Amino acid sequence: MERAVNYGGDDLNLEATELRLGLPGSDGLEKQSSPGVRTNKRASPDVAEDSRSKSNNSIVSDAGNGGRDTAPPPKAQVVGWPPIRSFRRNSFQAKKSDEADGAGMYVKVSMDGAPYLRKVDLKLYKSYPELLKALEHMFKFTIGEYSEREGYDGSEYVPTYEDKEGDWMLVGDVPWDMFISSCKKLRIMKGSETSSLGCL
Amino acid sequence: MDPKRKKDCHDSGESTRVASTFPDEVLERVLALVKSHKDRSSVSLVCKDWYDAERWSRTHVFIGNCYSVSPEIVVRRFPNVRSVTLKGKPRFSDFNLVPPNWGADIRCWLVVFAAKYRCLEELRLKRMTVSDESLEFLALSFPNFKALLLHSCDGFSTDGLAAIATHCKNLTELNIQENDIYDKSGCWLSCFPENFTSLEVLNFAYLNNDVNFEALERLVSRCKSLNVLKVNKNITLEQLQRLLICAPKLTELGTGSFLPELTDRQYSELKRSFSICSNLNVLSGLSEATALYLPALYPACTNLTFLNLSDAALQSEEFAKLLVHCPRLRRLWVLDTVEDKGLEAVGSNCPLLEELRVFPSDPYEEGIVHGVTESGFIAVSYGCRRLHYVLYFCRQMTNAAVETIVQNCPDFTHFRLCIMTPCQPDYRTNEPMDKAFCAVVKTCTKLRRLAVSGLLTDMTFEYIGKYAKNLETLSVAFAGSSDWGMQCVLGGCRKLRKLEIRDCPFGNAALLSGFEKYESMRSLWMSDCKVTMNGCRFLAKEMPRLNVEVMKEDGSDDSQADKVYVYRSVAGPRRDAPPFVLTL
């Protein structure tokens, strides 16, 4: 890891990227831009590797969160800065790698009458409307309006899912977060079968 | 040694005493009530009688730097000690600035204690190296051992904990806080014998492996006096609920991950369990808690005085909703995921707040960073006028904001501000942050601990030297313009005890300006400054009662003293220094 070194006033003329400590000499009021990579006469070979592996992490996490802005390139690190204890650092890195896991949350989707099943990544969506729109697009059909009392009204298709306990539930009744953590597979029911959901 | 042994037997033949002094029995009885170690130090300086009475009646010893004194000296002076607190490595070792195997090994202390303090009951260690063998030795040497606290220690594994659990029949406290521990397996918990019931405090929140839950449940059930339980992330919500049923009298709870995997029925059972826990004062853990399941906690929050959410990446909305249920909060630790909005909620809901710590969730900026700004801090200062302890990590700050904050809260005793980009100026005016810290030291006359950050010139340190008359601890990084800054601090801060500096342009002139002062301080740390080996050698020569230690980094100039650690000691130079620590 890099350490910031103050050799202010030397003849390397690296003002463009050098970070000064304090206000040496006549450059007292020089505007401090946010430091990018710091030059360091004692750079160790580990530095570049660390930077690279960290930038890989941020790229993966961005891909996994489809649609987010690209993160700025990671800053070169100074040993022990910011001053937080290692047990805190470790737990955040573990969290980050969980989020960066590109595996997604794929569940099978079957549609009555379709010759083969599909798979969707539930993590790509933040709400029911988004998911349902994607399903409509995938299978080329329309789902009716959702209401708590009536379920889906206005179409012969009804989205259902199998939860962790093996029951078939109507999509949309529970909060989104609870849904994605308990949904094991999706099934879009059609036609005459949907009338049996009237008892739900 | 018989702890009740009277002074008379020991000192027969001593010089005659003035007739009007207190009899020893009275003096010792009175002094036994003096608990603070600072007061006891003062007492011991009054006269020889008082010194003797004090040393015989002292049962707890606090040693802030394990190398400042030797175990032999301690046991010789204080024969009746039952409780020892020891601190080892310099604080910057928490941030990887001290190489491994530096020292501060508890072993030599335990060997001496085993001979002289057979009745030792409590050992509290911070930043010490503790091996499994040492833990086993401890467990076997002190039959009355009751309380073990290990904070930021390293060198041991769960095998050592197993030894403690197996042999310490009278254990009341096992507190493993934030250590670098080699977690081999969870079997250690099963080592508590089935007839063991004395545990009152159990904290294994930061151990990584599974523990045997059935053993834990049985342990919690049979230890009827258990009032502190902090479990690790591997305990599920369902298991937590079962533990709560066994221990409804808990005053401190660490929930582990609080990972939601509940059915509706389980959720309402959990909520009911929490509503029975009406005695909770301290709550922590919640590392995977989500907005959905936090409401289960609400019934337990009424009497909360300390809420530690530093492992829980909560967003502002769910955080604000939780705070509504915590009106009596005095201490709050959070992650900056709650953002300024969350801190506004703190200001609105927690009028009794005295301590706030805001930790960075993304310190190395690997994602999109938000965090907190000066507005959040200002909002807290308006709502929480009793605030006196703050640790605040942020990415931007202004002088004006800090001036407002200390005007609202002039009673700060601990002000630790970390602007995370080194040398960052006031982002609005582009000026150095000098005015901010000048305001802090001028307004907060009770200030005892200060950590500065941002772009700072010598002016900050002039003000610190001039106004911070009660300052005891100062942490400085990437700041100052010249030796003059450090000289002001050393010259002006009468009560300074700990000074830790990194990456500042302070050199030999600064180092040597304080050479008489260091004997009244616990320690000085300077790393990556401009101090040279010659400067350190000179200091070592002039002040033989100081230990001057230097650690050099690979590839550095021969003359540079990369890391300097100076501390007073009555034990002379270290005898256990590893090769990379040069004692001058």
Side-chain angles (χ1 to χ4, degrees), chain A residues 1 3-6 8 19-25 28-29 31-32 34-35 38 41-42 44 54-55 57-58 61-62 65 68-75 77-96 98-100 163-165 174-175 177-178 181-182, chain B residues 92 94-97 152 178-180 206 233 260-261 263 287-288 290-292 310-311 313 335 359-369 393 418 420-425 430-432 451 453 455-458 475 477-482 485 502-505 527-528 530 553-556:
Chain A
M1 293 206 193
R3 281 173 304 280
V5 170
N6 182 10
L19 183 73
R20 294 185 195 270
L21 305 175
L23 300 169
L29 298 172
K31 181 169 174 178
Q32 296 282 342
S34 56
R38 293 195 202 99
K41 285 182 174 177
R42 291 181 278 179
S44 69
K54 289 199 166 35
S55 56
N57 276 344
S58 58
S61 64
D62 289 337
N65 287 319
R68 254 176 160 194
D69 295 335
T70 326
K75 295 186 175 177
Q77 287 186 31
V78 177
V79 176
W81 191 265
I84 51 170
R85 303 243 281 274
S86 49
F87 77 93
R88 288 194 196 283
R89 266 180 271 144
N90 292 338
S91 49
F92 301 139
Q93 273 159 18
K95 264 200 201 102
K96 285 258 170 291
D98 285 345
E99 283 165 23
D163 75 357
K164 279 192 174 145
E165 291 173 337
V174 299
D177 284 332
M178 208 162 160
S181 65
S182 59
Chain B
F92 277 0
D94 285 349
F95 317 127
N96 292 351
L97 289 181
S152 304
E178 305 163 10
N179 298 281
D180 195 0
Y206 289 103
K233 328 198 273 303
E261 269 181 18
T263 64
S287 52
E288 305 289 335
T290 62
L292 209 52
S310 58
D311 286 320
L335 281 180
F359 295 96
S361 57
D362 189 4
Y364 307 115
E365 299 188 15
E366 285 158 338
I368 311 291
V369 291
F393 284 85
C418 182
M420 283 191 274
T421 305
C423 304
Q424 183 166 302
N430 242 7
E431 289 173 339
S453 58
L455 180 65
L456 298 174
T457 71
D458 284 344
S475 309
F478 305 103
S481 332
S482 72
R502 61 166 293 181
D503 293 277
C504 295
S527 58
D528 292 297
K530 292 173 113 174
E553 273 144 31
D554 292 334
S556 85

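Keep in mind the model is a prediction, meaning the values are calculated, not measured.
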**Q** Below 4.5 Å, heavy atoms only, C-beta onward: do P82(A) and F95(B) meet side chain to side chain?
**A**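 Of all side-chain heavy-atom pairs linking F95(B) with P82(A), none is under 4.5 Å.
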**Q** Measure distances from P83(A) to the heavy atoms of chain B and classify the residue's part below 4.5 Å as side chain, backbone, both or neither.
**A**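 Both backbone and side chain.
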**Q** I need the F359(B) CZ to I84(A) CD1 distance, nearest 0.5 Å.
**A**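 CD1 of I84(A) is found 9.0 Å from CZ of F359(B).
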**Q** Looking at every heavy atom in both V79(A) and N96(B), which two are closest together, and how far apart are they?
**A**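 Closest pair (atom of V79(A), atom of N96(B), distance): CG1-O, 3.9 Å.
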**Q** Determine whether a donor-acceptor pair (N or O, by modelled atom type, separation under 3.5 Å) exists between the side chain of R85(A) and the backbone of S152(B).
**A** no
**Q** Look at the side chain of W81(A) and the backbone N and O of T421(B), then say whether any donor-acceptor pair between them is shorter than 3.5 Å.
**A** no
**Q** Is chain A contacted by the side chain of F92(B), its backbone, both, or neither, given a heavy-atom distance below 4.5 Å?
**A** neither
